[in-house]
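Each remark here refers to the structure printed beneath this line.
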There are 2 protein chains.
Amino acid sequence: MLHDVFLADCPARTTLDLVSHRWTVVVIHGLGIEPMRFGELQARIGGISAKSLTETLQRLERYGLVVRLDGTWTLTTLGETLLEPVSALARWSEAHTDELLDAWDRHETGTSS
Amino acid sequence: MLHDVFLADCPARTTLDLVSHRWTVVVIHGLGIEPMRFGELQARIGGISAKSLTETLQRLERYGLVVRLDGTWTLTTLGETLLEPVSALARWSEAHTDELLDAWDRHETGTSS
DNA sequence: CAGGATCCTCGAAGATACTG
DNA sequence: CAGTATCTTCGAGGATCCTG
């Protein structure tokens, strides 16, 4: 066990910090479909500001997950490996959101009563 | 395609919001190992405050992902399905953190110079 | 021991205006 | 078009104190 997510100072937390940024998953997911230019990506993702997209891309670039080649943002080899768990999450999301919202509604009306 | 993660107002974003909370993944991962009491969980997870753990658990409870049975927090059936993508993420994290940090260091010293 | 209530900090993210 | 710079807001999360 080289990296235990439970250890507070564990470097594996880096990934979690990465994912905990609002747009990381969406951007990775997006570039996983196909490499895109800045504007394209922003247009595809609903409601992201240019600033946030810039920040997200640069953070990912720093971690070696994406590169900008001739104005086109692309996943690196490392980035593509992240695509798998991220897509798994996206698929789970698309599959179980209804259940999440149902559960939410049940608690809204009162579970025990 | 019922839920498209790209749509800004898409309910699938619910999951992403969930995951974007700092402790969600760690807590799910933890309860995935075995059901635990509050104190146990807090002890296992390094550096989480009681307040944050409470908030995280209650949020997950609202979404039907965990339940508290006789003082013991447990994943629901739905929660267990989330365990898979979350564990995939954790495994990725444990496997590739070194590469992340290496890439970071390369940028720190200066990539182009 | 398992939280609830309150106060505070810090940083992510938006809005806007500007630049190469 | 693809960012950068500045200002501001908002909320997650920590610290502390209190309670059943």
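These values consider heavy atoms only, across backbone and side chains, with no hydrogens, waters or symmetry-generated copies. We name chains A, B, ... by the order of the sequence lines, and we start the count at 1 in each one.
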Electrostatic pair B:R44:B:E34 at N-O distance under 4.0 angstrom: yes
Salt bridge present between B:K51 and B:E55 (N-O < 4.0 angstrom): yes
So, is [X] close to the [N] phosphate, meaning a side-chain N or O under 4.0 Å from OP1 or OP2?
X	N	value
A:T54	D:dG3	no
B:Q42	C:dG3	no
B:Q58	C:dG3	no

Rounded distance (nearest 0.5 Å) linking atom CG of B:L18 with atom CG of B:L65: 6.0 Å
Would you mind telling me which of [options] lies closest to the side-chain atoms of [X]?
X	options	value
A:H21	C:dG3, C:dA13, D:dG14	C:dA13
B:R37	C:dC1, D:dG13, D:dT4	C:dC1
B:R68	D:dG13, C:dG3, D:dG3	C:dG3
A:R59	C:dA13, C:dG3, D:dG3	C:dA13
B:S49	C:dG3, D:dG13, D:dG14	D:dG14

What is the distance, rounded to the nearest whole Å, between atom [atom1] of [X] and atom [atom2] of [N]?
X	N	atom1	atom2	result
A:L57	D:dT4	CG	C1'	14 Å
A:D70	D:dG3	CG	C1'	16 Å
A:E55	D:dT6	CD	P	14 Å

Give me the distances for all protein-to-nucleotides 5-10 of chain C N/O pairs that come in under 3.5 Å?
none

Do A:W92 and B:T15 have a side chain donor and acceptor closer than 3.5 Å? no
Would you name the heavy atoms of A:Y63 and B:L100 that are closest together and state the gap between them? O-CD2, 3.4 Å
Is any side-chain heavy atom of A:R22 less than 4.5 Å from a side-chain heavy atom of B:L16? no
